[in-house]
Amino acid sequence: MQMKYKSTRGKAAEVLAAQAIVKGIAEDGGLFVPEAIPAFSDADFSAMINEDYRTRAERIFAMYLTDFTAEEIKDCVNKAYSAEKFGSDNAAPLHKLDDDKYILELWHGPTCAFKDMALQILPHLLTKSMKKTGVDKQVVILVATSGDTGKAALEGFCDVEGTKIMVFFPNDGVSNIQKLQMVTQKGGNVNVMSVLGNFDDAQNGVKQIFGDKNFADKIAEKGYQLSSANSINWGRLLPQIVYYVSAYCDMVKMGDITFGEKINVCVPTGNFGNILAAWYARAMGLPINKLICASNENNVLTDFIKTGVYDRNRSFKTTISPSMDILISSNLERLLYNLSDSTTVAEYMQQLKESGKYEVSESIRNAVTEVFEAGYVNDVDTKAEIKKIWDKYGYLIDTHTAVACAVNKKFSGDIKTIIASTANPFKFNGSVLEALVGEVDTKDEFEISDKLSEMTKTKVPASLAELKTKTPRFDDCCKKEDMEKRVEEFLV
Ligand SMILES: *Cc1c(COP(=O)(O)O)cnc(C)c1O
């Protein structure tokens with residue numbers, strides 16, 4: 001039996017996984033969801049406990065990508081989660097803080113943040129999906145980025161056969177390190193360019209190109225087709241289910257829990273993708289008690305989970321955990337679908353579009369609170385948490401992970417909890433050092449990292465340290481009206 005994918009808004013045809021991945025978003029504007037959630041058998045679990053990360057990944061992928069062969073899945077997984085790319089054979093290792101807190105380190109990939117877990121494999125899933133669906137064109141990925149996604153996408157697509165990638169970033173809107181990471185990107189199929197303006201200018205420019213039918217026709221003649229590496233693509237969500245299952249299996253294997261024992265999972269949340277993957281793992285039968293949704297002061301999800309009202313009409317706050325500075329959490333739509341139906345989801349999304357707000361029914365609200373807890377912390381408490389964890393355990397965490405640790409405290413009973421750690425602390429070195437010493441007397445990123453490293457005897461990840469000596473490959477800047485032309489020039 002082939003697994004079909006439906007739109008959360010119910011007005012698009014059902015497709016197989018390969019088409020869902022190629023399309024990214026359904027024609028009715030909805031998100032693709034599997035028609036039924038597969039369940040783990042006891043035999044699956046007893047096998048997985050003794051398997052390595054990649055084998056566990058293959059098993060879980062096979063349950064959802066029924067139109068892929070076992071060899072195709074294996075090839076994708078091996079290319080993505082190699083020891084070369086993730087530093088060891090376990091792409092997502094657990095660090096035990098104490099008897100009831102386990103940090104799931106999701107930042108061992110090439111860019112030191114959790115986006116790598118999905119973006120290292122998406123290019124391989126996508127190129128195989130295109131072949132399967134009869135698309136014989138080269139895929140061109142366009143990204144507008146304000147931060148981590150651009151670099152993670154560049155690393156993921158770098159030199160992947162049959163693909164090209166072009167990333168636009170706002171010339172006033174990314175940190176120095178983030179810019180350096182992008183403009184020094186290697187690879188024969190990549191291009192990076194800054195856009196005069198802010199993130200919205202870059203984002204609108206990319207959206208315009210995607211909406212231009214003439215442009216699509218023009219590049220099709222040259223053998224190209226546009227696609228996006230967007231976080232709503234099913235091909236980005238699926239890989240994230242794996243590490244929760246894998247972490248649980250590791251805990252059983254270590255003898256820290258007996259199989260069947262329930263744990264909590266706490267996730268620093270922005271777009272709701274990472275925590276939704278944990279929800280899928282739970283729905284598949286992973287023994288999870290509560291999912292704890294941790295936010296910074298952009299606490300739209302805290303309010304939603306506590307009150308059933310989603311209201312984006314509030315001021316946007318810039319925080320020290322910038323990857324969670326989000327007011328529209330797109331992946332929430334998938335949860336709503338799973339707790340109701342496509343008619344209801346389409347209605348809520350219409351209300352969100354028109355008034356920035358919707359209130360879910362009592363039955364959805366009850367279903368949400370049965371599984372989710374939620375809380376948020378401000379920047380001061382986030383920094384205090386970094387210091388507390390360092391003082392107590394000698395373990396360094398980044399600002400996003402700190403949000404999760406601080407929120408988790410409000411719910412900790414004696415139940416063991418996996419806390420998702422989404423970035424290496426050196427990626428947010430300034431705020432982390434400030435948390436430890438109070439004031440930082442330099443603005444030089446490399447000096448900050450050296451200080452932090454010296455003080456904590458923690459190694460700066462090689463990929464960040466080597467930025468200091470790398471020469472930029474890309475220094476072009478364009479006006480937003482010229483973005484399309486620049487893409488065309490890239491596709492010779
Ligand atoms: C993207 C990101 C998040 C938020 O994850 P979502 O899946 O969008 O909820 C949290 N922390 C870091 C470091 C990220 O890059």
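Just so you know, ligand 1 is whichever comes first in the structure, and atom 1 is the first atom listed for that ligand.
Remark: the D325 side chain and the N296 side chain contain an N/O donor-acceptor pair separated by less than 3.5 Å. Side-chain N/O atoms of K151 and Q185 include a donor and acceptor closer than 3.5 Å. A donor atom on one side chain and an acceptor atom on the other are found under 3.5 Å apart for T163 and N189. Side chains of D341 and T344: a donor on one and an acceptor on the other come within 3.5 Å. T111 and E155 share no donor-acceptor pair across their side chains, judged by distance under 3.5 Å alone. Between the side chains of N271 and N331, no donor-acceptor pair of N or O atoms lies under 3.5 Å.
The backbone of F272, and not its side chain, has at least one atom closer than 4.0 Å to an atom of ligand 1 (non-hydrogen atoms only; backbone = N, CA, C, O). Counting heavy atoms under 4.0 Å from ligand 1, residue K427 does not touch it at all.
Taking atom 7 (O) of ligand 1 as the reference point, the nearest protein heavy-atom neighbour is N274 N, 2.9 Å. Annotation: atom 15 (O) of ligand 1 to nearest protein heavy atom, K115 NZ, 2.6 Å. The nearest protein atom to atom 4 (C) of ligand 1, hydrogens excluded, is given as G270 N, 3.6 Å; this is a heavy-atom distance. Remark: minimum distance from atom 8 (O) of ligand 1 to any protein heavy atom is reached at N271 N, 2.7 Å.
For ligand 1, the atoms sitting less than 4.0 Å from at least one non-hydrogen atom of A423 are 13 (C), numbered in the order shown with element in parentheses. Close contacts between ligand 1 and D148 involve ligand atoms 15 (O) [criterion: under 4.0 Å to a heavy atom]. Within ligand 1, the atoms closer than 4.0 Å to a non-hydrogen atom of H400 are 11 (N), 12 (C), 13 (C), numbered from 1 in the order shown. Applying the 4.0 Å criterion to heavy atoms of G273 picks out, from ligand 1, the atoms 6 (P), 7 (O), 9 (O). Listed by number with element, the atoms of ligand 1 under 4.0 angstrom from any heavy atom of T269 are 9 (O). Listed by number with element, the atoms of ligand 1 under 4.0 angstrom from any heavy atom of F114 are 1 (C), 2 (C), 3 (C), 5 (O), 7 (O), 14 (C).
Ring geometry for Y280 versus W234: interplanar angle over 60°, hence perpendicular rather than tilted (30 to 60°).
The heavy atom nearest to atom 13 (C) of ligand 1, out of those in T422, N424, T401, is found in T422.
Every heavy atom of A113 sits 4.0 Å or more from the atoms of ligand 1.
Taking the ring centroids of Y243 and F86, they lie at or beyond the 6.0 Å cut-off. Y81 has its ring centre less than 6.0 Å from the ring centre of Y53.
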